Amino acid sequence: MRVGVIGTGYVGLVTGACFAEMGNDVTLMDIDEAKIQALLQGEVPIYEPGLEQMIVRNVAEKRLHFTTDLQTAIENSFIIFIAVGTPPDENGCADLSQVFAVAEDIGRAINTYKIIVTKSTVPVGTTHKVREIIASVTDKPFDVASNPEFLKEGNAIDDCIKPDRVVIGIDDVRVGEILKELYGPFVRTGNPIMVMDTCSSEMTKYASNGLLATKISFMNELARLCEKVGADIEMVRSGVGSDPRIGPQFLFAGIGYGGSCFPKDVEALTQTGLEHGVQLRILESVQEANRGQRAHFCQKIMDHYGNETLAGRLFALWGLSFKPRTDDIREAPSLDVIRLLLEKGARVRAFDPVAMGSAGRILGDSVEYAPGNYECLEGADALVIVTEWNEFRHPDFEKIRELLKEPVIFDGRNLYRHDKMVERGFKYYSIGRSAIC
Ligand SMILES: NC(=O)c1ccc[n+]([C@@H]2O[C@H](COP(=O)([O-])OP(=O)(O)OC[C@H]3O[C@@H](n4cnc5c(N)ncnc54)[C@H](O)[C@@H]3O)[C@@H](O)[C@H]2O)c1
């Protein structure tokens, strides 16, 4: 099939590459000239495991094309996905200006019948609004559909090629059949393609992110209680997670959720509720608990030094990205921790396996960047672990002790066993396992 994707960010680039991998002819379009130029020269602007090889392969096979020209993308495509950003506006609602601008441009560029699909995460009713906008500027035939994306950064290729489920929202059954055909090769092992109305499809995406964020905030609040009563959140997690009604995933206590989706989607869903007179109290609390969790972690650092000032101290920070295996630092907890430490007059030296470039664009030289995780530690007062990269799971603890001024670790991701850290002679602060061992 001939597929167009408008917006080549984390979602557009990955899904476009995966459609091409399945043999489709795909045109990826973006208004960011520098991004498209880089892609045309074989440079992939984001870090996502396996993505670069997939892009190179499909460009070589002439199934994947890049352009900044919308007209070209529309003329080349039968099915057109809108995958532009939907960031929060000043009130926390989804800012749909990119989606609507693209809809209007598509309307003006349509030459023959097309199917236009909203892949961006959009509030209920947006796909219908997209249809109205397109219809207001063209009399050419077209249909719209909703197809929210569930990929996880860091595992995006796998999620996209082998999705747990594909959700398709349609108004016309024929459109559903065409999209089912497109997705057929992705679900050969029997995972479902769920066809529903567009409003339910749009809501499904927000409901998923809302529920996942709720699990995280619930465990984080319990972790704080565990610290007070002497329970261990890791034990509790395995205890509750073995109940099949609950399941083991998304129960890890930590420093709170971040990233480009959960914070904005939970807030946008809350705002949608308010617009319709429905107060989503659980989601309001989920957000409050999440903010509180970051503050709670920072408080552990402050408490360790008691009345002493942090001014002049140097903190080594492992992990900048909001989660492992991505360079995305949007809404990353690291940014809040760094902000606090800098405000208190401390210095921060950070290391991240792939996110130092993207962090540098936001933090500039307010932070030092180390070439490796051990170089990061030299002469630092303490180690602060913010992202659970696998390479941090089994470090050389002897070396850490030698390099740090004092053997103090603040671990926001519970990477190490508590009892072992005592044996190793560290002051080890973690989440939900008592204040200190
Ligand atoms: N990142 C994720 O993990 C993820 C997962 C599922 C769903 N989503 C949703 O997918 C959407 C895209 O997210 P993302 O992370 O890929 O965003 P992103 O910011 O990485 O990419 C958006 C791209 O759209 C481009 N763009 C903006 N206006 C345009 C226009 N008029 N024409 C062409 N291109 C334009 C931007 O230049 C940018 O490259 C959002 O709604 C997001 O909520 C994201």
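Counting starts at 1 for both ligands and their atoms, following the listed order. Remember, it's a predicted structure, so these values are computed and weren't measured experimentally.
- Tyr369 OH: more than 12 foreign heavy atoms inside a 6.0 Å radius.
- The contact set between ligand 1 and Gln98, taken as ligand atoms under 4.0 Å from a residue heavy atom, comprises 27 (C), 28 (N).
- Protein heavy atom at the shortest distance from atom 26 (N) of ligand 1 is Val84 CG1, 3.7 Å.
- The 12-atom threshold is exceeded at CD of Glu275, counting heavy atoms of other residues, nucleotides or ligands nearer than 6.0 Å.
- The atoms of ligand 1 that sit less than 4.0 Å from any heavy atom of Gly85 are 22 (C).
- Between Tyr257 and Phe262, the angle of the ring planes goes over 60°, which puts this pair in the perpendicular group of the 30/60° scheme.
- The side-chain tip of Arg330 does not point at the ring of Phe322 from less than 6.0 angstrom away and within 45° of straight on.
- Between Asp328 and ligand 1, no N or O atom pair is found at a separation short of 3.5 Å.
- In terms of polar-atom proximity, Thr121 is counted as a contact of ligand 1, with an N or O under 3.5 Å from an N or O of the ligand.
- Scanning the protein for heavy atoms near atom 6 (C) of ligand 1, the closest one is Glu149 O, 3.2 Å.
- Relative orientation of the Trp318 and Tyr374 rings is perpendicular, given thresholds of 30° and 60° on the angle between their planes.
- Among all protein heavy atoms, the one lying closest to atom 32 (N) of ligand 1 is Ile31 CG2, 3.6 Å.
- With a 4.0 Å cut-off on non-hydrogen atoms, Cys261 touches ligand 1 through its side chain and not its backbone.
- Atom CE of Met203 sits in a sparse spot, with 12 or fewer heavy atoms from other residues, nucleotides or ligands closer than 6.0 Å.
- For ligand 1, the atoms closer than 4.0 angstrom to any heavy atom of Thr86 are 40 (C), 41 (O), 43 (O).
- Atom numbering of ligand 1 starts at 1 in the shown order; those under 4.0 Å from a heavy atom of Val102 are 30 (C), 31 (N), 32 (N).
- Regarding atom 16 (O) of ligand 1, its nearest protein heavy-atom neighbour is Val11 N, 2.8 Å.
- Considering backbone and side-chain N/O atoms, Glu153 comes within less than 3.5 Å of an N/O atom of ligand 1.
- For the pair Pro263 and Glu331, the tightest heavy-atom approach, listed with the atom from each and the gap, is CG-CB, 4.0 Å.
- Between the side chain of Gln293 and the main chain of Gly254, a donor-acceptor pair closer than 3.5 Å is present.
- Ligand 1 places these atoms under 4.0 Å from at least one heavy atom of Lys264: 42 (C), 43 (O).
- Remark: distances from the non-hydrogen atoms of Lys205 to ligand 1 include one below 4.0 Å.
- Residue-to-ligand polar distances keep Asp265 apart from ligand 1: every N/O pair is separated by 3.5 Å or more.
- In this structure, the ring of Tyr183 has its center less than 6.0 angstrom from the ring center of Phe19.
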**Request:** Would you check, one step at a time, whether the test side chain to side chain contact (heavy atoms under 4.5 Å, CB included) holds for Ile431 with Phe297?
**Result:** CA-CA 8 Å; Ile431 305 286; Phe297 180 67; 3.9 Å; yes
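- Under the 3.5 Å distance criterion, the side-chain polar atoms of Glu149 are matched with a main-chain donor or acceptor of Leu151.
- Taking every non-hydrogen atom of Arg330 and a distance limit under 4.0 Å, the qualifying atoms of ligand 1 come out as 15 (O), 17 (O), 18 (P), 19 (O), 20 (O).
- Here's the thing with Asp30: one of its N/O atoms is less than 3.5 angstrom from an N/O atom of ligand 1.
- Close contacts of ligand 1 with Ser260, meaning ligand atoms under 4.0 Å from a residue heavy atom, involve 1 (N).
- When all heavy atoms of Val266 and Gln287 are compared, the pair lying nearest together is CG1-CG, 3.5 Å.
- For ligand 1, the atoms lying closer than 4.0 Å to a non-hydrogen atom of Gly9 are 16 (O), 18 (P), 20 (O), 21 (O), 23 (C), 39 (O).
- Residue contact annotation: Ala101 has no non-hydrogen atom under 4.0 Å from ligand 1.
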